[in-house]
Amino acid sequence: YIGGWVPDVQGGARFKEGVLLTAMRNGQWLLLDELNLAKSEILEALNRILDDNREIYVPELNETVRPATGFRIFATQNPSSYSGRSLLSAAFRNRFISVSLDHLTNEDLIRVMQERGQLPESRLKSILSTMNRLHSLRSVDSALGGKESLITVRDLLRWSSRPMSAESKEGLAMEGFWLLGERVRETDNKKMIENIISKECIGKETSLDKSYELIYQDILQKYPVVLDLIAQLNLRVNNSFKRALALGFRALSNQQSVLLIGEAGTGKTSIANLISKILNVVYYSINCHKQTEAADFLGSWRPKRDIHGFEWVEGELIKAIRTGGLYLIDEISLASDSVLERLNSLLEFDRKISFQGGNDELVELKAVDNFYLVATMNPGGDQGKRELSPALRNRFCEIWVTSPFDDEADVIELIHLVMPQSIKDSPIYSTLVDFFRKLIKIINYENSHLFKPWTIRDLKSWSEMIGKLMQN
């Protein structure tokens with residue numbers, strides 16, 4: 001935020017002032033968002049600005065910079081218990097006037113939702129009643145979400161702004177279930193949420209579990225090319241795939257970013273690719289890892305090919321924001337929190353992002369209407385993978401991508417699909433199908449606390465092994 005040395009087009013180097021110095025010189029307001037994600041030694045450099053001296057020495061310029069009239073610093077942070085956050089030192093924190101923000105009241109929430117959507121007050125009260133029931137459920141049953149809330153203010157705003165919420169009580173219930181119920185991983189917990197939503201919105205407990213079929217059929221009707229695209233991509237359509245496609249498409253069509261969470265091999269990346277083709281937009285993707293940097297998303301200075309000097313190369317995320325496209329952040333949980341939180345503003349409802357471009361200017365972009373953002377990850381605990389912080393996670397429409405093993409019909413179809421022809425021609429084929437069906441049930445469901453759940457890849461490996469044994 002102070003600045004640093006960057007290459008110039010002639011191949012030399014120049015000092016590029018950061019947003020802090022720019023704001024000080026121009027007497028502007030500066031917001032330091034997610035303050036406690038920064039390292040303490042970096043934050044301590046602000047001490048001289050925050051005390052009575054109100055100045056900062058920049059050794060690269062051999063200059064002491066004092067703020068112009070009107071300069072102010074504001075900072076925000078989430079609790080230090082959130083993933084990747086640190087506890088600010090007392091010496092640094094007491095230089096600020098600290099203000100703790102309480103939860104919004106029901107009256108405040110109704111007013112906010114009324115300004116963002118067109119729902120009548122009776123529907124808004126049904127949404128709030130659902131929120132209060134879910135909050136009390138979380139307080140007595142920590143298994144439903146652990147440290148993470150079942151519903152946030154952002155969920156309320158998404159729910160109230162979706163079109164079917166205004167059409168009927170049943171539409172209100174379905175939109176709420178697609179947002180809140182379809183991200184829950186445990187079947188029993190999902191059923192509890194389904195009952196609460198239907199009771200509060202419709203007045204009686206009603207099954208909403210298969211309601212995603214309405215979205216899927218609507219997609220097929222509006223986009224006749226879907227089945228051809230599925231065949232071209234050699235995708236296998238089962239109930240699990242249809243559900244994830246329908247829910248993801250629903251969120252993206254409302255300009256809401258999507259987070260697909262599921263075990264390996266459940267088709268998360270394929271769903272993102274298929275949606276980009278259905279919407280006829282450019283498909284961009286980035287594979288995250290521990291060394292992923294903000295520059296990988298936004299852009300950086302790079303050497304010119306065969307020419308002396310450097311040039312600013314815009315990141316693919318910025319290209320997608322400017323011109324449209326579906327941008328996939330694959331394995332998002334592998335990147336560090338400090339890098340991912342850089343995208344926070346883009347994930348808000350106004351879909352804007354600010355960054356310093358190659359010409360020293362502060363660039364603020366608003367995403368075009370046909371920009372779509374999808375992120376994928378495996379569940380936390382899977383070979384070192386972790387869950388995202390609540391601050392980042394609740395900015396997405398989260399969808400739990402179920403395994404085909406969760407549906408009996410899908411299991412039998414899948415077994416038939418991966419079995420080698422030598423087994424299909426065998427007189428013991430039906431016995432083997434029954435054996436695999438029972439084995440999956442024992443490993444994935446009845447004894448999931450003892451065994452690592454099977455994936456499609458495991459089933460395929462086992463069937464290939466048995467096929468080779470039978471050939472021998």
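Only this structure's heavy atoms are used, side chains among them; waters, hydrogens and symmetry mates stay out.
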Requested in this report: Would you please test Glu314 and Lys319 for salt bridge (charged side-chain N to carboxylate O under 4.0 Å, His left out) and show each step?
Outcome: CA-CA 7 Å; Glu314 208 167 57; Lys319 292 179 185 177; over 6 Å; no

Requested in this report: Show the numbers, then the answer: is there a side chain to side chain contact (heavy atoms under 4.5 Å, CB included) between Glu170 and Thr206?
Outcome: CA-CA 9 Å; Glu170 290 75 15; Thr206 306; over 6 Å; no

**Report entry** Check against side chain to side chain contact (heavy atoms under 4.5 Å, CB included), Val368 and Thr323
**Finding:** CA-CA 7 Å; Val368 295; Thr323 61; over 6 Å; no

Report task. Show your working on side chain to side chain contact (heavy atoms under 4.5 Å, CB included) between Phe436 and Trp462 and close with a plain yes or no. Result -> CA-CA 9 Å; Phe436 274 117; Trp462 269 63; 3.9 Å; yes

Query raised in the report: Can you list the steps and then say if Leu346 with Leu317 is a side chain to side chain contact (heavy atoms under 4.5 Å, CB included)?
Result: CA-CA 11 Å; Leu346 182 62; Leu317 174 63; 4.0 Å; yes

Query - Arg154 and Glu348: CA distance, side-chain angles, deciding distance, salt bridge (charged side-chain N to carboxylate O under 4.0 Å, His left out) verdict - result: CA-CA 9 Å; Arg154 289 189 176 97; Glu348 293 291 0; 2.7 Å; yes

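Tyr372 is listed as a side-chain neighbour of Asn370, based on a closest heavy-atom distance under 4.5 Å. Side-chain contact between Ile127 and Leu119 is present, with at least one heavy-atom pair separated by less than 4.5 Å. Looking at heavy atoms from C-beta onward, Leu260 lies out of side-chain contact with Phe396 at the 4.5 angstrom threshold. Here the side chains of Val363 and Ile318 are not in contact, with every heavy-atom distance at 4.5 Å or above. Using a 4.5 Å heavy-atom cutoff, the side chains of Phe177 and Lys190 are in contact. Annotation: side chain of Ser333 is not in contact with side chain of Leu340 (no heavy-atom distance under 4.5 Å). The side-chain heavy atoms of His289 and Thr292, taken from C-beta on, include a pair separated by under 4.5 Å. The closest side-chain heavy-atom distance from Leu172 to Met164 is not below 4.5 Å.
The closest donor-acceptor contact from the side chain of Asn36 to the backbone of Asn78 lies under 3.5 Å. Between the Glu194 side chain and the Asp209 main chain, a donor and an acceptor come within less than 3.5 Å of each other. With hydrogens and angles ignored, the 3.5 Å screen pairs a side-chain donor or acceptor of Asn238 with a backbone N or O of Ser240. Arg183 places a side-chain N or O within donor-acceptor distance of the main-chain N or O of Leu150, the cut-off being under 3.5 Å. Listed for the Trp29 side chain is no donor-acceptor partner under 3.5 Å among the backbone atoms of Ala23. Between the Asn273 side chain and the Thr269 main chain, no donor and acceptor come within less than 3.5 Å of each other. Looking only at distances, a side-chain donor or acceptor of Lys268 sits under 3.5 Å from a matching main-chain atom of Glu263. A donor-acceptor distance shorter than 3.5 angstrom exists from the side chain of Arg243 to the backbone of Glu182, with no hydrogens or angles considered. The backbone N or O of Glu107 lies less than 3.5 Å from no partner atom in the side chain of Arg111, so there is not a single donor-acceptor pair. With Thr130 contributing its side chain and Ser126 its backbone, the two residues share a donor-acceptor pair below 3.5 Å.
Between Leu43 and Ala38 the shortest heavy-atom distance is CD2-CB, 3.8 Å. In this structure, Ile261 and Trp400 approach most closely via the heavy-atom pair O-CE3, 3.2 Å. Between Leu347 and Ser257 the shortest heavy-atom distance is CD2-OG, 3.5 Å. The minimum heavy-atom distance linking Arg386 with Asp337 is given by the pair NH1-OD1, 3.4 Å. Leu35 approaches Ala75 most closely through the heavy-atom pair CD2-CB, 3.7 Å. The nearest pair of heavy atoms linking Glu316 to Ser285 is OE1-O, 4.0 Å.
No side-chain N or O of Asp458 forms a donor-acceptor pair with one of Ser461 less than 3.5 Å apart. Neither side chain, Asn106 nor Lys125, offers a donor N or O lying under 3.5 Å from an acceptor on the other. With no hydrogens or angles considered, a side-chain donor-acceptor pair links Asn344 and Glu341 at under 3.5 Å. A donor-acceptor contact closer than 3.5 angstrom is absent between the side chains of Ser165 and Glu175. Between the side chains of Ser300 and Glu293, not a single donor N or O lies within less than 3.5 Å of an accepting N or O.
A salt bridge is defined here as a Lys NZ or Arg NE, NH1 or NH2 lying under 4.0 Å from an Asp or Glu carboxylate O, and Arg158 with Asp155 meets this definition. Taking 4.0 Å as the cut-off between side-chain N and carboxylate O, Glu311 and Arg302 do not count as a salt-bridged pair.
Annotation for Asn280: atom CG does not count as buried by contact number, only 12 or fewer foreign heavy atoms lying within 6.0 Å. Enclosure of atom CG in Asn234 is not indicated, since only 12 or fewer non-hydrogen atoms of other residues, nucleotides or ligands lie within 6.0 angstrom. Crowding of Arg93 atom CZ: a count of heavy atoms from other residues, nucleotides or ligands under 6.0 Å not exceeding 12. Open room surrounds NZ on Lys169; 12 or fewer heavy atoms of other groups in view lie less than 6.0 Å from it.
Below 30°, between 30° and 60°, or above 60°: for Phe249 and Tyr223 the angle between ring planes is above 60°, a perpendicular geometry.
Expressed to the nearest 0.5 Å, how far CD of Glu398 lies from CG of Leu259 amounts to 5.5 Å. Once rounded to the nearest 0.5 Å, the distance linking OH of Tyr216 with CG of Asn239 reads 10.0 Å. To the nearest 0.5 Å, the span separating CG on Leu134 from CE on Met192 amounts to 11.5 Å. Annotation: the span from Leu328 atom CG to Leu326 atom CG amounts to 7.0 Å, rounded to 0.5 Å. Rounding to the nearest 0.5 Å places NZ of Lys366 at 13.0 Å from CD1 of Ile353. Residue Ser211 holds its OG atom at 6.0 Å from CE of Met174, rounded to the nearest 0.5 Å.
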